[in-house]
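See below for the structure under consideration.
Throughout, protein chains are lettered first and strands after them, A, B, ... in sequence-line order, and every chain is numbered starting at 1. Worth knowing before you read on, the calculation uses all heavy atoms, side chains too, and leaves out hydrogens, waters and symmetry mates. The model shown is predicted, which means the values in this text are computed figures rather than measured ones.
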Number of protein chains: 2
Amino acid sequence: MDTETPWLSERRQHIWRNWLRMNTELPAALHRRLRADSDLSLSDYDVLVQLTDTAEARVRVLDLARALRWERSRLSHHIRRMEGRGLVRREDVPGDGRGAYVVLTAHGRAAIEQAAPAHVRTVRDLVFDSVDADELTALGAAVDKVLARLEAAERPA
Amino acid sequence: MDTETPWLSERRQHIWRNWLRMNTELPAALHRRLRADSDLSLSDYDVLVQLTDTAEARVRVLDLARALRWERSRLSHHIRRMEGRGLVRREDVPGDGRGAYVVLTAHGRAAIEQAAPAHVRTVRDLVFDSVDADELTALGAAVDKVLARLEAAERPA
DNA sequence: CAGAAATGGTTGACGCGTCACACATCCCCC
DNA sequence: GGGGGATGTGTGACGCGTCAACCATTTCTG
């Protein structure tokens with residue numbers, strides 16, 4: 001506990017507020033555009049990306065949760081909903097009676113292949129086209145450092 | 001539509017993924033710590049900050065929504081819950097029969113005054129202590145540009 | 001090989017955010 | 001001054017994320 005607990009400087013406060021604002025509005029904008037261009041939510045998209053990244057288009061639930069950094073239960077709920085829309089399906093794991101695969105369906109593959117180009121364009125349009133090379137480098141470094149700090153701080157908890 | 005619709009470069013993809021990850025984990029960490037140190041959620045905190053920023057500790061609902069960049073209905077729901085916990089209360093607006101003030105209660109003031117120092121420390125600990133001056137400058141610039149692009153892109157919609 | 005503990009996954013309840021709509025009040029203009 | 005639209009706010013339904021508990025299976029340990 002500091003003796004004074006000073007507030008953030010004017011400048012830091014400004015950066016911090018804008019940072020927070022971008023943090024809420026950028027995903028919201030990406031989400032809106034993705035929904036406008038496809039029938040996928042941002043979460044659906046993330047799940048499908050993970051599935052298409054693997055050769056078999058088939059991933060164990062826990063591996064998927066780890067890759068997405070989602071809680072198991074969140075993933076389970078989401079998979080159930082995606083299954084209902086025919087984007088993925090569950091399959092038993094031969095060797096392990098507890099396990100379950102999440103498998104990309106043909107419909108799911110078609111959905112992400114149709115959605116991906118516009119989404120990538122949106123990301124480039126809203127983010128990468130806005131910042132120049134130096135800023136991007138600094139941004140990447142800052143992000144890496146904050147992430148490292150986050151992991152160090154939250155690990156022992 | 002591009003003829004090729006190229007994916008993002010390896011480097012950009014890396015930055016982008018880490019950016020997204022930080023975007024989800026930093027607020028989550030802030031939220032956890034705030035909850036651990038107080039009875040406030042991050043949203044509660046934001047609302048209370050807006051109220052303490054005004055001399056009268058009393059703000060019109062619509063002004064509050066604009067300041068927070070929240071939807072009116074979201075704010076309405078949230079105020080109802082906060083009212084139930086005694087953090088704020090609603091008051092009629094004398095001149096305008098439709099309007100409503102959101103007023104900070106003594107309990108609400110006590111809550112944020114108790115929570116703020118630790119929260120500010122958390123922000124400094126997790127963010128500002130991690131990045132050096134140059135990176136912070138670039139980060140601020142990048143955030144400003146993305147925000148400007150976002151507003152330009154979403155305005156006509 | 002019998003428990004006990006760990007692992008993989010699901011479920012239910014609850015708070016939150018969004019969307020569409022409802023509703024009252026105010027303002028304007030004829 | 002009496003509609004008609006605009007403005008300010010609240011509500012209900014629904015999808016999502018979290019938390020705690022649960023169940024089935026596997027693995028460990030004696």
Inset, instruction - Flag the pair Val88(A) / Tyr101(A) as yes when at least one side-chain heavy-atom distance between them is below 4.5 Å, and no otherwise. - result: no
Legend entry - Side-chain touch Pro117(A)/Arg121(A), heavy atoms, less than 4.5 angstrom: yes
Inset, instruction - For Tyr101(B) and for Arg85(A), locate the closest nucleotide of DNA chain D by heavy-atom distance; then report the residue assigned to the nucleotide nearer the 5' terminus. - result: Tyr101(B)
Inset, instruction - May I ask you to decide whether Arg81(B) forms a salt bridge with Asp44(B), counting only side-chain N to carboxylate O separations under 4.0 Å? - result: no
Legend entry - Atom-to-atom span, CD of Glu25(B) to P of dG17(D) - whole angstrom: 15 Å
Legend entry - Residue whose closest nucleotide on DNA chain D lies nearer the 5' end, Arg81(A) versus Arg60(B): Arg60(B)
Legend entry - Nucleotide dT18(C), atom P - distance to CG of Leu75(B) in whole Å: 12 Å
Extract from the structure each pairing of a protein N or O with an N or O of nucleotides 10-12 of chain D at less than 3.5 Å, listing the distance.
unit_1: dG10(D); atom_1: OP1; unit_2: Arg90(B); atom_2: NH1; d: 2.4
unit_1: dG10(D); atom_1: OP2; unit_2: Ser76(B); atom_2: OG; d: 3.3
unit_1: dG10(D); atom_1: OP2; unit_2: Arg90(B); atom_2: NH1; d: 2.9
unit_1: dG12(D); atom_1: O6; unit_2: His77(B); atom_2: NE2; d: 2.7

Inset, instruction - For the residue pair Arg33(B) and Ser38(B), confirm or rule out a side-chain donor-acceptor distance under 3.5 Å. - result: no
Inset, instruction - Could you check how far CG of Asp92(B) sits from P of dA24(C), rounded to whole Å? - result: 15 Å
Inset, instruction - Step through the shown structure and confirm whether more than 12 heavy atoms of other residues, nucleotides or ligands are within 6.0 Å of CG on Asp63(A). - result: yes
Inset, instruction - Over all heavy atoms of both residues, which pair between Ala115(A) and Leu34(A) is shortest? Give the atoms and the distance, please. - result: CB-CD1, 4.2 Å
Legend entry - Contacts of type side-chain hydrogen bond (donor to acceptor under 3.5 Å, both in side chains), residue Arg69(A), not counting sequence neighbours: none
Legend entry - Euclidean distance, atom CH2 of residue Trp70(A) to atom C1' of dG17(D) [Å, nearest integer]: 10 Å
Legend entry - Rounded interatomic separation in angstrom, taking CG from Leu62(A) and P from dT10(C): 11 Å
Inset, instruction - Round to a whole Å and report the spacing from CD of Glu71(A) to P of dT11(C). - result: 16 Å
Identify all pairs in which a protein N or O lies below 3.5 Å from an N or O of nucleotides 24-27 of chain D, and state each distance.
unit_1: dT26(D); atom_1: OP1; unit_2: Gly97(A); atom_2: N; d: 2.7

Inset, instruction - Quickly work out the Leu42(B) CG to dT18(D) P distance and round it to whole Å. - result: 14 Å
Inset, instruction - Just call it for Ser41(A): base, sugar-phosphate, or nothing, with non-hydrogen atoms closer than 4.0 Å on any strand. - result: nothing
Inset, instruction - Please answer: with hydrophobic residues joined when any side-chain heavy atoms are less than 4.5 Å apart, are Leu147(A) and Ile15(A) in the same cluster? - result: yes
Legend entry - Between dG17(C) (P) and Ile79(B) (CD1): distance, integer Å: 12 Å
Legend entry - Under 3.5 Å side-chain donor-acceptor pair for Arg74(B) and His77(B): no
